[in-house]
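Atoms within each ligand, like the ligands themselves, are counted from 1 in listed order.
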Amino acid sequence: MATSSACADNIVLIGFMGAGKSSVGRELARRTGRFFLDADALIETAQGEAIHAIFDERGEEYFRELERESARWMAECVRGSIISTGGGMPTVVERLRDIGTVVYLQLPFEKILRRISADERSKRPLFHNAAETKRLYAERQSIYEKQAHITIDADRPVEAIVEEIIQKLSAS
Ligand code: S3P
């Protein structure tokens, strides 16, 4: 922990549900000696409730406001960390770049479907059915691309993805 990069810019991972933001984030944190912060977990801890319960009891717009609030806090108070975001955060927080360097983990929709098990789907309130989720995926591509400083092909093992992120960031 606590390397010379500890107080540098944050690295913010974005991408659709199931793109591997949390696993890549944890490995990236391990490799770079930074702390890892999961924005969904942050919200769950602050609310004392799981995301799907927040959606059920308070509705999506309430959850989106919590995402905006957590993004404001991260932009102001978090430094030198690896942050994984919920798949919808880039659609409601206009300038993720205010938090740090934004890395988009891109994965074809078919791979996403294959990765998310039935059990995992039940934890994701927006994963109603494949057709609806595919529409959401298509709608979000341009938003992810616009928000990102760099885009990474996430259809590879976690270690390979992390290696490429480290290389691309050191070259930029
Ligand atoms: C969402 C993605 C989820 C979670 C919430 C909404 C979305 O996070 O924030 O269920 O709108 O795509 P993951 O991307 O980690 O599954």
Side-chain angles (χ1 to χ4, degrees), residues 10-29 35-75 78 81-97 99-148 150-156 158 161-162 165:
N10 298 306
I11 299 171
V12 184
L13 301 175
I14 65 169
F16 204 69
M17 295 175 258
K21 294 164 298 213
S22 300
S23 350
V24 169
R26 283 197 181 85
E27 177 62 13
L28 188 57
F35 284 114
F36 170 70
L37 195 66
D38 180 320
D40 275 347
L42 195 70
I43 290 172
E44 288 185 323
T45 310
Q47 294 291 300
E49 268 187 319
I51 302 286
H52 66 83
I54 300 174
F55 266 74
D56 285 353
E57 287 159 25
R58 308 279 204 139
E60 179 172 350
E61 190 38 48
Y62 181 81
F63 172 73
R64 298 302 177 197
E65 192 45 44
L66 294 174
E67 283 192 306
R68 290 187 198 97
E69 205 179 302
S70 70
R72 282 193 291 272
W73 174 75
M74 291 189 286
V78 179
S81 299
I82 311 294
I83 296 167
S84 79
T85 57
M89 190 184 264
T91 70
V92 296
V93 175
E94 242 174 77
R95 286 192 45 86
L96 277 174
R97 290 175 177 216
I99 304 176
T101 304
V102 182
V103 177
Y104 170 29
L105 300 183
Q106 189 174 45
L107 196 67
F109 184 69
E110 292 62 37
K111 295 284 167 69
I112 288 194
L113 265 193
R114 246 179 275 160
R115 271 195 196 184
I116 302 191
S117 65
D119 182 43
E120 281 288 301
R121 283 179 206 189
S122 70
K123 292 184 203 147
R124 289 174 160 93
L126 293 183
F127 221 110
H128 300 305
N129 63 60
E132 179 61 19
T133 313
K134 188 171 187 178
R135 192 194 54 73
L136 200 60
Y137 173 90
E139 196 178 282
R140 287 180 177 177
Q141 289 318 296
S142 60
I143 300 172
Y144 292 145
E145 280 160 16
K146 217 164 113 190
Q147 293 260 22
I150 60 174
T151 296
I152 302 279
D153 170 12
D155 191 12
R156 291 176 297 160
V158 170
I161 298 170
V162 166
I165 295 174

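Within 6.0 Å of CZ on Arg156 lie more than 12 heavy atoms contributed by other residues, nucleotides or ligands. Environment of CD in Glu94: sparse, with no more than 12 heavy atoms of neighbouring residues, nucleotides or ligands closer than 6.0 Å.
Taking a 4.0 Å cut-off on heavy atoms, Arg64 registers as neighbouring ligand 1. In this structure, His52 falls outside the shell of residues with a heavy atom less than 4.0 angstrom from ligand 1. Look at Met89 and you'll find every heavy atom at least 4.0 Å from all atoms of ligand 1.
Considering every non-hydrogen atom in both Gly100 and Val12, the closest pair reads N-CG2, 3.9 Å. Between Ile143 and Pro90 the shortest heavy-atom distance is CG2-O, 3.3 Å.
Close contacts of ligand 1 with Asp40, meaning ligand atoms under 4.0 Å from a residue heavy atom, involve 3 (C), 4 (C), 8 (O), 9 (O), 13 (P), 15 (O). Counting atoms of ligand 1 from 1 in the listed order, those under 4.0 Å from a heavy atom of Ile51 are 5 (C), 10 (O). Near Leu126, the atoms of ligand 1 lying under 4.0 angstrom from a non-hydrogen atom of the residue are 7 (C), 11 (O).
Between Phe55 and Arg124 there is no side-chain heavy-atom pair separated by less than 4.5 Å. Contact annotation: the side chain of Ile43 approaches that of Glu67 to within less than 4.5 Å [non-hydrogen atoms, C-beta and beyond]. Contact of the Leu113 side chain with the Thr133 side chain is not registered, since no non-hydrogen atoms from C-beta on lie closer than 4.5 Å.
The nearest protein atom to atom 12 (O) of ligand 1, hydrogens excluded, is given as Arg140 NH1, 2.7 Å; this is a heavy-atom distance. Closest to atom 14 (O) of ligand 1, if we only count protein heavy atoms, is Lys21 NZ, 2.5 Å. Looking only at protein heavy atoms, the nearest one to atom 16 (O) of ligand 1 is Arg124 NE, 2.8 Å. When only non-hydrogen protein atoms are considered, atom 2 (C) of ligand 1 lies nearest to Gly87 N, 3.4 Å. Ranking protein heavy atoms by distance to atom 10 (O) of ligand 1, first place goes to Pro125 CD, 3.4 Å. Of all protein heavy atoms, the one lying nearest to atom 7 (C) of ligand 1 is Gly88 N, 3.3 Å.
Within the 4.0 Å heavy-atom criterion, neither part of Glu60 lies near ligand 1. Heavy atoms of Glu44 found under 4.0 angstrom from ligand 1: none, in either backbone or side chain.
Using bins of under 30°, 30° to 60° and over 60° for the plane-to-plane angle, the ring pair Phe109/Phe16 lands in the perpendicular bin.
Expressed to the nearest 0.5 Å, how far CZ of Arg135 lies from CZ of Arg140 amounts to 9.5 Å.
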